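Letters go in sequence order (proteins before strands), and every chain restarts at 1. Remember, predicted model here, so these are calculated numbers, not experimental data.
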Number of protein chains: 2
Amino acid sequence: MDDGPRRPHTGRRRNDAAKEAILDATFRLLSDPGTDGVTIEAIAAEAGVGRQTIYRWWPSKGAVVADALARHARVVVPERDTGSFTADLAAFLTDSFAGLGNEDLANRLRQIVAEAQHDEHVARVLADFTAVRRTALRVLLERGRDAGELAAAADLDMLVDMAYGVLYYRLLVSHAPLDEQAARSLAAELARSAG
Amino acid sequence: MDDGPRRPHTGRRRNDAAKEAILDATFRLLSDPGTDGVTIEAIAAEAGVGRQTIYRWWPSKGAVVADALARHARVVVPERDTGSFTADLAAFLTDSFAGLGNEDLANRLRQIVAEAQHDEHVARVLADFTAVRRTALRVLLERGRDAGELAAAADLDMLVDMAYGVLYYRLLVSHAPLDEQAARSLAAELARSAG
DNA sequence: TATTTGTCGAGACTGAACGTCTCTGCAAAC
DNA sequence: GTTTGCAGAGACGTTCAGTCTCGACAAATA
């Protein structure tokens, strides 16, 4: 049934610059704390593009948002290796928490998590994003375990989830701050898993 | 300026039965995994009520949803006191995780968290709901600490957040299951904070 | 009992937003 | 130079939240 392309491509090609402009505009709007949920209309206007052009590249608003987020997902987690596992862990958590001290970023992440609950595209991006973060923390914990600062039997994946769990739990429920003191306390409790 | 009610109430009174029907209908619809986000229209139809009647009792859809949820929020957390702190903790976490094994409940909680991010009414309900849970777990941890099974210096609030953090993190990102093994491992890591 | 008052269900209406369709212009391949 | 398909613009259909209006009706009062 599907006989595929039966002749070479002709006609005008899609404009990659438009795609870039759309992604940039989307990300810019997502940062704006004022707008609660970005609209396609706003993205098109901000990018100086027709709505249809957006739907030529992506199947839905969620897909655009997901793509825009994904390309900025590689936020740098500074590599720490001061020799002291506890200090490295505390620094890692402090950095992670501090990033969300920026309310723009915190709002963005809240939006992503919310949207991921009913948009599979966003869910996929969030899954990839968090997986990268988990891996980074796990590497740190492995180093600590190999150095004998964590119990050999410790469930490192669970420890990772406990750490990021606190971050997301507090981000989404907002009952307690994600400040430096919290990071220190969390690091201390995690490190208490001493071998 | 506000001279208050200048005469006793007259006229037909609001129908409490309608209010009940609306709340019940809302909760029923929230459980339905098919509908992604309940509509006022659907609530009104399900309750056999006019839309305006809903807005006569609540200011917004979020408020209705929040109220419907709040009245069912008192899910029973069985009181455990077997004498063994570790066993009690494991049982508490196993119960908590098991509740979300029900996909209806898990979906509902996902919806609540998502909606809470941009609806203050829902956010309030979620905050109250989680606060009750945190208190229950904290009592359990205090007992463990008093029994010398947790370090005296342990930051119990942080431990509580680490526990519920794992629950919410896994619920929302879905990278790992909330099964009994997870509950056991989590209990073990928390209890490792031995004094 | 008759009047007043405010709720009832029903449905029209507004406004926001998603996503589709259509139009004219234009750029790239043939 | 013709064909093909993307460009931006905007009209359009649809869904949904929330408001407004209407005739019916129930409760309190006179």
Side-chain angles (χ1 to χ4, degrees), chain A residues 4-26 29-30 32 34-68 111 114-115 118-122, chain B residues 4-26 29-30 32 34-68 111 114-122:
Chain A
R6 53 177 58 241
R7 61 165 176 65
H9 178 276
T10 58
R12 187 174 184 170
R13 260 70 114 7
R14 286 193 195 162
N15 186 354
D16 264 314
K19 185 181 183 184
E20 293 300 308
I22 292 165
L23 287 174
D24 287 350
T26 304
L29 291 174
L30 278 171
D32 187 354
T35 53
D36 184 66
V38 182
T39 72
I40 285 286
E41 180 72 36
I43 295 172
E46 175 85 8
V49 141
R51 269 199 300 281
Q52 185 64 279
T53 302
I54 297 178
Y55 287 105
R56 215 167 268 130
W57 287 91
W58 296 274
S60 72
K61 192 183 81 161
V64 190
V65 171
D67 240 25
Q111 274 188 48
E115 199 140 2
H118 54 78
D119 186 310
E120 58 174 330
H121 302 287
V122 180
Chain B
R6 51 178 60 242
R7 58 161 180 68
H9 177 276
T10 58
R12 186 175 184 173
R13 261 67 114 11
R14 287 193 194 163
N15 186 357
D16 265 315
K19 185 181 182 184
E20 293 299 309
I22 291 165
L23 288 174
D24 287 349
T26 305
L29 291 174
L30 277 171
D32 186 356
T35 53
D36 184 65
V38 182
T39 71
I40 286 286
E41 179 72 37
I43 295 173
E46 175 85 8
V49 142
R51 270 199 299 282
Q52 184 66 309
T53 302
I54 297 178
Y55 287 105
R56 214 167 268 128
W57 287 92
W58 295 274
S60 71
K61 192 183 81 162
V64 190
V65 171
D67 240 25
Q111 272 188 52
E115 201 140 0
Q117 303 315 309
H118 53 79
D119 187 307
E120 59 174 328
H121 303 287
V122 180

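- In the set dC8(C), dG19(C), dG18(D), the nucleotide with an atom closest to the side chain of S60(B) is dG18(D).
- Between the CZ atom of R12(A) and the P atom of dA27(C) there is a distance of 6 Å, rounded to whole Å.
- Toward the 5′ end of DNA chain D lies the nearest nucleotide of R56(A), the other residue of the pair R51(A) and R56(A) mapping further downstream.
- In this structure, the nucleotide among dA7(D), dG8(D), dC21(C) sitting nearest to the side chain of R14(A) is dA7(D).
- Atom CD1 of residue I43(A) and atom CH2 of residue W58(A) lie 9.0 Å apart, to the nearest 0.5 angstrom.
- Counting only distance, with no hydrogens or angles, the side chain of R56(A) and the backbone of R14(A) share no donor-acceptor pair below 3.5 Å.
- Summarising the geometry, the separation between CD1 on I22(B) and C1' on dC8(C) is reported as 11 Å, rounded to the nearest angstrom.
- From I40(A), atom CD1 reaches atom CD of Q52(A) across 11.0 Å, with rounding to the nearest 0.5 Å.
- Atom OH in Y55(A) sits about 16 Å away from atom C1' in dG8(D), given to the nearest Å.
- In terms of phosphate contacts, T53(B) brings a side-chain nitrogen or oxygen within less than 4.0 Å of OP1 or OP2 of dG9(C).
- Atom C1' of nucleotide dA16(C) and atom NZ of K61(B) are separated by 14 Å, given to the nearest angstrom.
- As rounded to whole Å, 13 Å separates atom P of dA7(D) from atom CD of E20(A).
- Here the P atom of nucleotide dC18(C) and the CD atom of E41(A) are 8 Å apart, to the nearest Å.
- With a 4.5 Å cut-off on side-chain heavy atoms, E115(B) and K61(B) count as touching.
- If you measure from atom CD1 of I40(B) to atom P of dT14(C), you get 20 Å, rounded to the nearest angstrom.
- Rounded to a whole Å, the CD atom of Q52(A) is 15 Å from the C1' atom of dT24(C).
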